[in-house]
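Because the structure is a prediction, the values reported are computed rather than measured.
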Amino acid sequence: MSPKVVSRPPRDKLKGVFRNLQAYLKALEARGELKRIHAPVEAELEIAEIADRMVKQGGPALLFENVVGKGFPVAIGLFGTRERTAFALGVKDLDELAGKVQALLELEPGKGGLSALLKLLPKLSALKGFFPRRVRTAAVQEVVWRGEAVDLSRLPVLKTWPLDGGPFLTLPLVITKDPETGELNLGMYRMQVLDKRSTAMHWQLHKVGRRHYEKARRLRKPLEVAVALGGDPILTYAATAPLPPLTGVNEFHLGGFLRGRPVELARGVTVDLPVPAEAEFILEGYIDPEEPLVEEGPFGDHTGFYTPKDLYPRFHVTALTHRKGAVYPATLVGPPPMEDAYLIEASERLFLPAVRLLLPEVLDYHMPPEGVAHNWVNLRIRKEYPGQAYKAAMGLLGLGQMMFAKVVLVTEGRVSPGFEALLEALPHLLPGRDTLFVRGPMDVLDHASRAFAFGGKLILDATRKLPEEGGEAPFAPKAHPHLPEDPRVKAQRQYPGLWLVAMHKTKAHQAWEVAQSLLATPQSEGIRLLLLADRDTGLEPHEFFWVLLNNIDPERDGRVLQGASGPVLVLDGTQKLPEEGFARAWPEKAVMSPEVKAKVDSRWAEYGL
């Protein structure tokens with residue numbers, strides 16, 4: 001069956017924002033930040049390996065124009081650097097996002113009647129574009145496939161890691177409507193392609209899409225779903241943003257607010273849902289909550305580890321629409337740094353004013369890339385009274401998705417870069433006195449927590465200590481040039497106050513034996529933090545902290561032991577064994593196969609990179 005093709009009159013270009021993905025790609029190319037790859041490439045693994053190398057080098061976005069066996073090009077690396085992400089979001093620097101929200105928070109008329117309202121008028125420009133605009137014709141509906149004519153295998157959906165369960169859509173903008181209230185949600189949830197007309201929908205426990213699904217299940221009615229691919233890069237970002245639950249406000253409003261112009265929405269061709277008119281593709285369909293769940297995964301996730309197989313709803317595609325000459329957008333997640341780190345930083349900056357409004361002592365915060373979002377948060381406060389560090393940290397843990405944070409370091413110094421901030425904080429941190437273990441919700445992707453979606457957290461109070469808190473404890477951080485030999489230790493390195501150890505674990509609880517042995521040596525003098533990980537872990541801080549933070553439940557895996565200079569906080573980041581009471585499967589790291597690496601090596605010149 002041939003698709004329905006609809007002619008559409010051209011629209012004027014928007015100034016200052018990107019109307020759609022292709023306008024953004026054109027602008028990137030003009031800046032020298034887009035590389036076209038003309039050579040034929042495979043959607044399975046090859047594109048991912050090329051893209052991984054580029055993002056880790058801070059290289060350009062890539063447009064693969066010849067994907068073997070597919071009918072559309074692939075764009076990847078759209079948010080691949082901090083500067084590019086700022087450009088995508090229409091600002092010179094990500095820090096400007098905080099200013100936009102601050103201006104919105106200051107929209108209050110105060111007292112004074114008409115005079116006060118008139119003074120408010122100039123500020124209302126901050127809301128320009130907030131409300132979406134409905135349109136009757138949409139570029140994304142120029143070509144329409146319905147029913148049995150739908151074939152997802154036409155799309156160049158990527159398989160990004162060798163052990164992935166199949167190809168996954170990695171930049172989908174998933175649109176649903178609350179079955180009871182009618183509230184819209186635009187979220188980003190990975191989607192594994194199962195066959196020509198269906199995918200799995202990875203709606204995790206805490207997500208809004210999951211709540212919509214559960215309501216539909218209770219009502220015993222199908223849930224309509226639309227999935228957009230592409231469009232203005234601001235809208236793609238908005239789908240990832242941790243928008244707080246505000247009645248009548250959704251991610252389309254956030255996108256319009258950031259654009260300063262309304263998001264244009266058209267009605268779906270087979271579903272009663274709004275879809276972005278300037279997207280590249282739209283998948284329309286439904287989820288039947290009375291159907292059995294389907295097996296999804298494994299998937300090399302943003303944690304850098306594979307998430308295991310699990311059961312999720314099946315999304316049935318009733319229509320596939322796209323613009324003429326559509327470009328398929330994708331991203332790659334895995335061992336950091338990846339481009340999701342820059343989207344996370346954008347959310348940091350965007351929501352900083354709201355955090356300050358709720359927690360006035362907060363000056364700044366940062367989620368270092370090694371923490372892959374929630375595993376590590378550095379929080380800077382203005383300290384005025386005893387215990388304020390814990391008050392601020394617990395307040396932060398109560399804010400939306402910050403409930404997933406695993407380690408929170410509270411300081412009065414800088415928060416970024418993460419590792420340097422930690423080293424500067426150590427002299428103000430006395431293990432035992434200034435460390436607090438608590439429990440709470442965890443991300444369902446956390447493989448090390450004591451139970452599914454539930455585990456321990458660690459608050460580190462590295463602020464200056466007031467007399468009521470015991471005062472400052474004199475400490476001179478040291479890093480020794482010669483470290484003790486131990487056959488169980490495969491590699492080790494010290495930084496001032498910090499000791500990193502990669503060990504060969506052969507039995508349960510062995511990390512604590514190694515820690516006790518090392519701390520009994522003179523080289524533990526000047527050390528306040530001893531971190532242990534498995535023998536295949538590199539000692540460069542970015543890799544070591546990525547592995548360690550993924551592999552700990554802080555309450556279970558943290559102890560304060562005695563060293564040559566006093567108490568030392570020890571964290572066991574080794575793989576947990578069944579003999580240690582860990583019943584769940586331990587995942588593998590997402591690593592590309594040697595064969596694909598060799599293939600890309602041999603073709604590098606052919607790619608023109």
>> Quick one, D446 with N375, criterion side chain to side chain contact (heavy atoms under 4.5 Å, CB included). Give me CA distance, side-chain angles, the key distance, then yes/no.
In response: CA-CA 9 Å; D446 191 304; N375 285 347; 4.1 Å; yes
> How long is the span from the CG atom in L359 to the CG atom in L379, to the nearest 0.5 Å?
Replying inline: 8.0 Å
> If you draw a 6.0 Å radius around NZ in K309, do more than 12 non-hydrogen atoms from other residues or ligands fall strictly inside?
Replying inline: no
>> Once rounded to the nearest 0.5 Å, what's the spacing between atom CZ of F79 and atom CD1 of I344?
In response: 13.0 Å
>> Between D95 and R82, is the salt bridge (Lys or Arg N to Asp or Glu O under 4.0 Å) condition met? List the steps.
In response: CA-CA 11 Å; D95 289 331; R82 190 179 192 276; 3.8 Å; yes
> Is any NZ, NE, NH1 or NH2 atom of the basic residue among R190 and D301 found under 4.0 Å from an Asp or Glu carboxylate oxygen of the other?
Replying inline: yes
> When you measure from the side chain of R414 to the backbone N and O of E420, does any donor-acceptor pair fall under 3.5 Å?
Replying inline: no
>> Any non-hydrogen side-chain atom of V444 less than 4.5 Å from a side-chain atom of D310?
In response: no
> Okay, side chain of E543, backbone of E540: is any donor-acceptor separation there less than 3.5 Å?
Replying inline: no
>> Could you tell me if the side chain of F351 sits less than 4.5 Å from the side chain of M402, heavy atoms only?
In response: no
> So which heavy atom on V568 is nearest to which on L530, and how close?
Replying inline: CG1-N, 3.8 Å
>> Can you confirm whether or not the ring centre of W376 sits under 6.0 Å from the ring centre of F545?
In response: yes
> Do W546 and F305 have ring centres separated by under 6.0 Å?
Replying inline: yes
> Would a distance-only check, ignoring hydrogens and angles, find a side-chain to backbone donor-acceptor pair under 3.5 Å from H480 to E525?
Replying inline: yes
> So, K599 side chain and E46 main chain: donor-acceptor pair closer than 3.5 Å or not?
Replying inline: no
> Is E588 atom CD crowded by more than 12 heavy atoms from other residues, nucleotides or ligands, each under 6.0 Å away?
Replying inline: no
>> Over 60° means perpendicular and under 30° means parallel, so tell me whether F168 and F299 are parallel, tilted or perpendicular.
In response: tilted
>> Before we go on, tell me: are the rings of Y495 and F419 under 6.0 Å apart, centre to centre?
In response: yes
>> Testing the basics here: between T170 and T331, what is the closest heavy-atom pair and its distance to 0.1 Å?
In response: OG1-O, 2.9 Å
> How far does CG of L498 sit from CZ of R528, to the nearest 0.5 angstrom?
Replying inline: 13.0 Å
> How long is the gap from CG on D536 to NE2 on H504, to the nearest 0.5 Å?
Replying inline: 10.0 Å
> Has Q57 got more than 12 heavy atoms of other residues, nucleotides or ligands less than 6.0 Å from its CD?
Replying inline: yes
> Is the shortest heavy-atom distance from the side chain of H428 to the side chain of E472 under 4.5 Å?
Replying inline: yes
> Would you say the side-chain atoms of D164 pair up with the backbone N or O of G300, donor to acceptor, closer than 3.5 Å?
Replying inline: yes
> Is the closest basic N to carboxylate O distance between E579 and K507 below 4.0 Å?
Replying inline: no
>> For Y312 together with H202, are the ring centres under 6.0 Å from each other?
In response: yes
>> Regarding H542 and E370, do their side chains bring together a donor and an acceptor under 3.5 Å, going by distance alone?
In response: no
>> How close do G497 and P477 get, counting heavy atoms only, and between which atoms?
In response: N-CB, 3.7 Å
> So do L332 and V55 actually touch side chain to side chain, heavy atoms under 4.5 Å?
Replying inline: no
> Say you draw a straight line from OG1 of T236 to CG of L173; how long is it, rounded to the nearest 0.5 Å?
Replying inline: 5.0 Å
> Where do T521 and A564 come nearest, in terms of heavy atoms and distance?
Replying inline: O-CB, 4.3 Å
>> Under 4.0 Å between a side-chain nitrogen and a carboxylate oxygen: does that hold for K505 and E580?
In response: yes
> When you check the gap from the basic side-chain N to the acidic O, do E412 and K383 get nearer than 4.0 Å?
Replying inline: no
> Do side-chain atoms of K457 reach the backbone of M403 as a donor and acceptor pair under 3.5 angstrom?
Replying inline: yes
> What's the verdict on salt bridge (Lys or Arg N to Asp or Glu O under 4.0 Å) for E345 and R349, showing C-alpha distance, side-chain angles and the deciding distance?
Replying inline: CA-CA 6 Å; E345 187 174 357; R349 301 302 93 195; 5.1 Å; no
> Within the distance-only criterion (no hydrogens, no angle test), does the side chain of Y189 pair as donor or acceptor with the backbone N or O of V174 below 3.5 angstrom?
Replying inline: no
> So, does D486 use its side chain to make a donor-acceptor pair with the main chain of R488 at under 3.5 Å?
Replying inline: yes
> Does CZ in R535 sit with more than 12 non-hydrogen atoms of other residues, nucleotides or ligands closer than 6.0 Å?
Replying inline: no
> Between E42 and K159, is there a salt bridge with N-O shorter than 4.0 Å?
Replying inline: no
> Should T411 and N378 count as side-chain neighbours, where that means a heavy-atom distance under 4.5 Å?
Replying inline: no
>> Working note: M442 + K406, criterion side chain to side chain contact (heavy atoms under 4.5 Å, CB included); need CA distance, chi angles, decisive distance, verdict.
In response: CA-CA 8 Å; M442 302 301 294; K406 185 181 286 190; 3.7 Å; yes
> Q523 and L518: side chain to side chain contact (heavy atoms under 4.5 Å, CB included), yes or no, with the steps?
Replying inline: CA-CA 8 Å; Q523 288 92 335; L518 295 176; over 6 Å; no
>> With a 4.5 Å cut-off on side-chain heavy atoms, are L430 and P567 touching?
In response: yes
>> I want to check something: taking the side chain as every heavy atom from C-beta on, are L460 and L569 in contact at a cut-off of under 4.5 Å?
In response: yes
> Do any N or O atoms from the side chain of K589 and from the backbone of P335 form a donor-acceptor pair under 3.5 angstrom?
Replying inline: no
> Of L429, D461, I459, which is the lone residue that meets side-chain contact (heavy atoms from CB on, under 4.5 Å) with T435?
Replying inline: L429
>> Check K597 with D52, please: is the shortest side-chain N to carboxylate O separation under 4.0 Å?
In response: no
> Does G77 offer a backbone N or O that forms a donor-acceptor pair with the side chain of R84 under 3.5 Å?
Replying inline: yes
> Run the side chain to side chain contact (heavy atoms under 4.5 Å, CB included) check on Q516 and R559 step by step: do they pass?
Replying inline: CA-CA 11 Å; Q516 292 276 18; R559 296 183 186 178; over 6 Å; no
> For the residue pair M54 and P60, what are the closest heavy atoms and their distance?
Replying inline: SD-CD, 3.8 Å
> Got a salt bridge between K576 and D553, using NZ or NE/NH1/NH2 to carboxylate O under 4.0 Å?
Replying inline: no
> In Å, rounded to the nearest 0.5 Å, how long is the span from CG of L609 to NZ of K35?
Replying inline: 6.5 Å
> Among N550, N551, T303, whose side chain to side chain donor-acceptor pair (under 3.5 Å) with H447 holds?
Replying inline: N551
> Is any side-chain heavy atom of E595 less than 4.5 Å from a side-chain heavy atom of P162?
Replying inline: no
>> So which atom in Y390 and which in R433 form the shortest heavy-atom distance, rounded to 0.1 Å?
In response: OH-O, 3.6 Å
